[in-house]
Amino acid sequence: MSVRLRGGASVLRRADGEVQVGAEPGRAPVLTGLSEDDTAMLVQLGEQAHSARRRARRKQVGPARTRELYAELSRHGVLADDAAPTDPDLLHWEAHGVDARERARRLSRSAVLVRGQGPIASRLAALLASVGLGAVRPFGQAGDVGGLPMGVTPALAVTVDDYTLHPLSARAVAQSGLVHLPVVVRPLSVRVGPALGPERLLCATCLALHETDADPAWPLLTVQSLLLPAAPMEGLLVEQAAVLAARAVLDCLGDAPWRWQATSVDIGVDEPLGLVRRWEPHPQCLCGQLLAGTQADTPATCVSEQLKPPSSSSS
Ligand SMILES: [Zn+2]
């Protein structure tokens, strides 16, 4: 059997008879009780990912002991018996313990639609075009998508709007039935998320109601902002916002869909680390009431409890 360590992991000596697989702190399985021959074999198993020449020098460990060591590596999820990928993305996701080839197949069947103008939308579209998606297309006025490759279906829409989530963006994406990741570009900061849409906890109206709670003038300001020219944006912030949005898209497509369900991140020169905001469904929004109503006859879940308006949560 030809085997390898997932993600091209290296094997590092920790002490006599003890090695760890991988160099990521806190994520590297430790094997103990090893002989010097065991250790040498494991170290060379790690080296073979980086140098085929060294494979010939592998120390001899008996077949029974080799099977024991392979079983131990398998138990830790770090052993593979297929050909090693050469794509760094695949190796990286393998190292995370993910079926990287299945992830790549999933992305290759997914189209992402981008609606918006300006440098962040352009940079985001370019980044998304480089991560193995089946297609990245502009989101048309009616949300119609034509000319997708065979087997590729729309999976998510990103909108990039200036100042506020544009009502036309929100409506067009809502009608498409796709998961919606809004990106809002304001003069000094960019907000990515939260994810909206079908089976999500929030809708665009929830966000608008929360904004109005925080500032009663928000609706009047928003109407005016729709007519404003785009604010000038620092080049570095364009890059940072586009990369964050691209990561959020991949999270929503399956890497970590829960991460953006009720969470947004604001970044800017004042918040380069990102200001994380958790959102609740707005109690006056119909989306929460409708969902709570449809779940009234079903057993209570964490989700339905969160969606009930405060006035009915004690009933
Ligand atoms: Zn809502």
Side-chain angles (χ1 to χ4, degrees), residues 6-9 22 24 27 77-78 80 82 84-116 120-121 123-139 143 145 148-160 169 173-174 176-183 191-204 240-265 267 274 276-279 291 301-303 306:
R6 291 168 60 87
E24 179 69 25
R27 295 279 295 266
V78 294
D82 57 354
T86 54
D87 181 344
D89 279 17
L90 289 175
L91 285 165
H92 182 88
W93 279 98
E94 262 199 7
H96 270 279
V98 166
D99 184 339
R101 287 191 165 99
E102 174 52 33
R103 176 181 180 273
R105 277 191 290 274
R106 174 166 49 76
L107 291 179
S108 72
R109 293 191 296 261
S110 302
V112 170
L113 312 183
V114 180
R115 178 188 170 94
I120 291 179
R123 190 72 188 106
L124 172 61
L127 286 169
L128 291 175
S130 71
V131 297
L133 289 163
V136 180
R137 294 281 192 275
F139 193 108
V145 186
L148 288 180
M150 183 92 74
V152 174
T153 54
L156 180 142
V158 195
T159 57
V160 185
S169 291
V173 179
S176 75
L178 294 172
V179 176
H180 176 193
L181 183 76
V183 178
R191 171 171 291 167
V192 176
L196 308 171
E199 300 175 25
R200 293 303 189 277
L201 296 176
L202 299 161
C203 74
Q240 190 181 9
V243 169
L244 177 63
R247 175 63 67 199
V249 166
L250 294 182
D251 281 348
C252 291
L253 289 178
D255 288 344
W258 61 89
R259 187 169 289 148
W260 297 91
Q261 282 203 355
T263 302
S264 64
V265 177
I267 54 169
V276 176
R277 177 170 176 179
R278 313 280 179 204
W279 297 80
L291 196 46
T301 66
C302 293
V303 172
Q306 285 175 11

Query raised in the report: Which salt bridge (charged side-chain N to carboxylate O under 4.0 Å, His left out) pairs, counting each pair once, include a residue from residues 84-94, with sequence neighbours left out?
Result: R4-E94
Requested in this report: Can you run down the salt bridge (charged side-chain N to carboxylate O under 4.0 Å, His left out) pairs that involve residues 127-136, sequence neighbours left out, and say none if there aren't any?
Outcome: none
Looking only at heavy atoms, what is the nearest atom pair of [X] and [Y], with distance?
{"X": "L181", "Y": "C252", "result": "CD1-SG, 4.3 Å"}
{"X": "A125", "Y": "V136", "result": "O-CG1, 4.1 Å"}
{"X": "L202", "Y": "W279", "result": "CD1-CB, 3.4 Å"}
{"X": "L124", "Y": "A246", "result": "CD1-N, 3.5 Å"}
{"X": "R101", "Y": "A84", "result": "NH2-C, 4.0 Å"}

Query raised in the report: Short question: side chain of R103, backbone of L90 - any donor-acceptor pair under 3.5 Å?
Result: no
Requested in this report: Name all residues meeting the side chain to side chain contact (heavy atoms under 4.5 Å, CB included) criterion together with R123; count only those two or more places apart in sequence or in a different chain, and write none if there are none.
Outcome: A126, L127, V238, E239, A242
Query raised in the report: Residues in side chain to side chain contact (heavy atoms under 4.5 Å, CB included) with H92, at least two apart?
Result: H96
Donor-acceptor pairs under 3.5 angstrom involving side-chain atoms of residues 152-159: please list them, not counting sequence neighbours.
| from | atom 1 | to | atom 2 | distance (Å) |
| --- | --- | --- | --- | --- |
| T159 | OG1 | H180 | NE2 | 2.7 |

Donor-acceptor pairs under 3.5 angstrom involving side-chain atoms of residues 191-198: please list them, not counting sequence neighbours.
| from | atom 1 | to | atom 2 | distance (Å) |
| --- | --- | --- | --- | --- |
| R191 | NE | D266 | OD1 | 2.8 |
| R191 | NH1 | E211 | OE2 | 3.1 |
| R191 | NH2 | D266 | OD2 | 3.1 |

Query raised in the report: How would you list, by chain and number, every residue that makes a side chain to side chain donor-acceptor pair (under 3.5 Å) with W260, sequence neighbours excluded?
Result: D251
N/O donor-acceptor pairs under 3.5 Å from side chains in residues 104-111, not counting sequence neighbours:
| from | atom 1 | to | atom 2 | distance (Å) |
| --- | --- | --- | --- | --- |
| R105 | NE | E102 | OE1 | 3.2 |
| R105 | NH2 | E102 | OE1 | 3.4 |
| R106 | NH1 | L253 | O | 2.7 |
| S108 | OG | R105 | O | 2.7 |
| S110 | OG | R106 | O | 2.9 |

